[in-house]
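As the structure is a prediction and not an experimental result, all values here were calculated from the model. Order of listing sets the numbers, starting from 1, for every ligand and every atom in it.
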Amino acid sequence: MFFIDNYLVNNSTTKVATADMESLYRIFTVAEAPDSTLGQIEKEISENLAGFLNEHIVARAVSLGEIERDFSCPDMPEQPTFVSDHTQFLLDKLVANSVHTAAPSFIGHMTSALPYFMLPLSKIMIALNQNLVKIETSKAFTPLERQVLGMMHNLVYGQNSDFYQTYMHSESDSLGAFCSGGTLANITALWVARNNLLKADGEFNGVNREGMYRALSHYGYQGVAVLVSNRGHYSLGKAADVLGIGRDDLIAIDVDAQHRVLVEQMREKAAELASKQIKVMAIVGVAGTTETGNIDPLDELADLAQALNCHFHVDAAWGGATLFSNQHKHLLKGIERADSVTIDAHKQMYVPMGSGIVLFKQPGLAAEIEHHAEYVLRKGSKDLGSHTLEGSRPGMAMLVYSALKVLGRQGYELLINRSIKQAEYFAGLINQQADFELISEPELCILTYRYVPRAIKHLLLHADESAQTLINEKLDDLTRFIQKCQREAGKSFVSRTRLSSQLYPNQTITVFRVVLANPLTTEQILQDVLTEQAQLAQLSQFALPELNQILQRQAEG
Ligand SMILES: *Cc1c(COP(=O)(O)O)cnc(C)c1O
């Protein structure tokens, strides 16, 4: 089996791989033999993907340190290796210890299962190895990407067909940009906002040429700020940093009990900033907060942005796909008034990792970030790279397009509706449990909760604030303990986060966080997750006994 392995073929009969040109030519020309290790894996994957993942990802408690030992050799591999040997190593050391994100019981993160057709299609995409930065390396892919941007723009903004006829393939306009994810999408959106605010004016050549210092001087600002709720994603902090705005000028506004930004407070903050000659460059609304899945009042934010005459960005990295659902899209009402919108296709659109999108309401908005170079991105060319932060980029648009086409809006609607319904079911299930406490009600398909023994729940209800604080700290320890044990046991996975809750307004608490986006997750699995957590709690050697001591002291006096 090995000597017909094609990665490097050695002419000698002993199995020692050596680097010779003939072998090297072969790795660029010869297909994998069907009975080689790699050939067999390909067969397994194409016949039964879930089976392959279930078999090769080993559910067992393995520490990160243990895995690090397998990847601690700094020596550059000197000799070639047979692909079969290498593949076997990957299976044993990498695949085996990977995270089973496709498992229906993996309900802790936004990374979910993929439709099966993504695999063979990705293979075609990689084989073509198009570079979307310019048409010379992506003819056909560039028009395709522009069409996908048009479709997504249409989903958010719903312009008429003349609009899309005019702008979809226009060289000087841009309906949006593909990028590696929500972070890059948010940075791009705020980049556009910054360059439009501080654009060329009279003698001044624009912030893109003269930099922040001269831009602020020219416009007479003491600084610029971006306003977002304190539930805004950390990528906005990175954006403020790289754009020279400063993380301290990304200003966090408080939220209400449903984790939605307090628009009045944002308005007051803007007025305060204005009195200090600090210009609000953009306000950001979140459509689907990362921790609790809540949606800001987008219409009110659009009004405020209009009043402030500033850019309105909506970070819908997670929640944007809700627009596919006729039943639930009203939750995002007002998004169509945003100047720019971030949507991650690698979240609720079930496209592989590395697929973010930013959309611009006005096709000319991105003109201020336009960049030209001599050998590519020439003026007047339709090269996508003239409006993207990234340079060389893969043809992920092919996979987004495929998902849109294969599933259709109706298919996505079924998925979105199912996820939201399942989150409602799980919230109801948690509310029925004597020993669990629901912390955030799901608005989309994310919810948070924690394990609280019933006697402690009762105590919390009647305790004064300092006693509550102490009990909550012990419960934090317990939640962390349960979450770690559950992750290490490897049967199921929920994530954890810290947040403030209306139940305990004066402290932040640690909670389990669940994202219900895998269509294969069943009600039985959700029941089992709670059962497992209740069992793991009993293994706690510190937190639970300490809570019991508190109870005992309470009973005694
Ligand atoms: C996931 C997420 C991001 C960041 O997206 P990446 O794809 O991880 O870069 C930004 N904002 C929100 C609301 C998100 O959920």
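Ligand 1 has at least one atom lying under 4.0 Å from a heavy atom of Ser235.
Counting the atoms of ligand 1 from 1 in the order shown, those under 4.0 Å from a heavy atom of Ala317 are 2 (C), 3 (C), 10 (C), 11 (N), 12 (C), 14 (C). The Gly288 neighbourhood of ligand 1 comprises atoms 13 (C), with distances under 4.0 Å to a heavy atom of that residue. In the vicinity of Gly181, heavy-atom distances shorter than 4.0 Å reach the ligand 1 atoms 7 (O), 9 (O). Annotation for ligand 1: atoms under 4.0 Å from non-hydrogen atoms of Met110 are 15 (O). Atom numbering of ligand 1 starts at 1 in the shown order; those under 4.0 Å from a heavy atom of Thr290 are 12 (C), 13 (C), 14 (C), 15 (O).
When the options Thr290, Thr342, Asn186 are evaluated for a side chain to side chain donor-acceptor pair (under 3.5 Å) with Asp315, the one that passes is Asn186.
Nearest to atom 9 (O) of ligand 1 among the protein's heavy atoms is Thr183 OG1, 2.6 Å. Distance from atom 6 (P) of ligand 1 to its nearest protein heavy atom, with residue and atom name: Gly182 N, 3.3 Å. For atom 11 (N) of ligand 1, the closest non-hydrogen atom of the protein is Asp315 OD2, 2.6 Å. Nearest protein heavy-atom contact of atom 4 (C) of ligand 1 is His233 CE1, 3.3 Å. The single protein non-hydrogen atom nearest to atom 15 (O) of ligand 1 is Lys347 NZ, 2.8 Å, given as residue, atom name and distance.
Checking Thr111 against His109 by side-chain atom types alone, no donor-acceptor pair falls below 3.5 Å. Residues His387 and Glu370 bring a donor and an acceptor atom of their side chains to less than 3.5 Å of each other. No hydrogens or angles considered: nothing links the side chains of His153 and Tyr167 as a donor-acceptor pair under 3.5 Å. No side-chain donor-acceptor contact under 3.5 Å links Ser440 and His259.
Taking a cutoff of 4.0 Å between a charged side-chain nitrogen and a carboxylate oxygen, Asp383 and Lys134 do not qualify as a salt bridge. The residues Lys333 and Asp299 are annotated as salt-bridged, a charged nitrogen and a carboxylate oxygen being separated by less than 4.0 angstrom.
With a 4.0 Å cut-off on non-hydrogen atoms, Asn186 touches ligand 1 through its side chain and not its backbone. Contacts with ligand 1 closer than 4.0 Å are made by side-chain heavy atoms of Asp344 only, the backbone lying farther away.
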From CA spacing to verdict: side chain to side chain contact (heavy atoms under 4.5 Å, CB included), Leu384, Glu145
CA-CA 9 Å; Leu384 287 162; Glu145 185 167 298; 3.3 Å; yes
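Remark: aromatic rings of Phe426 and Tyr449 are close, center separation under 6.0 Å.
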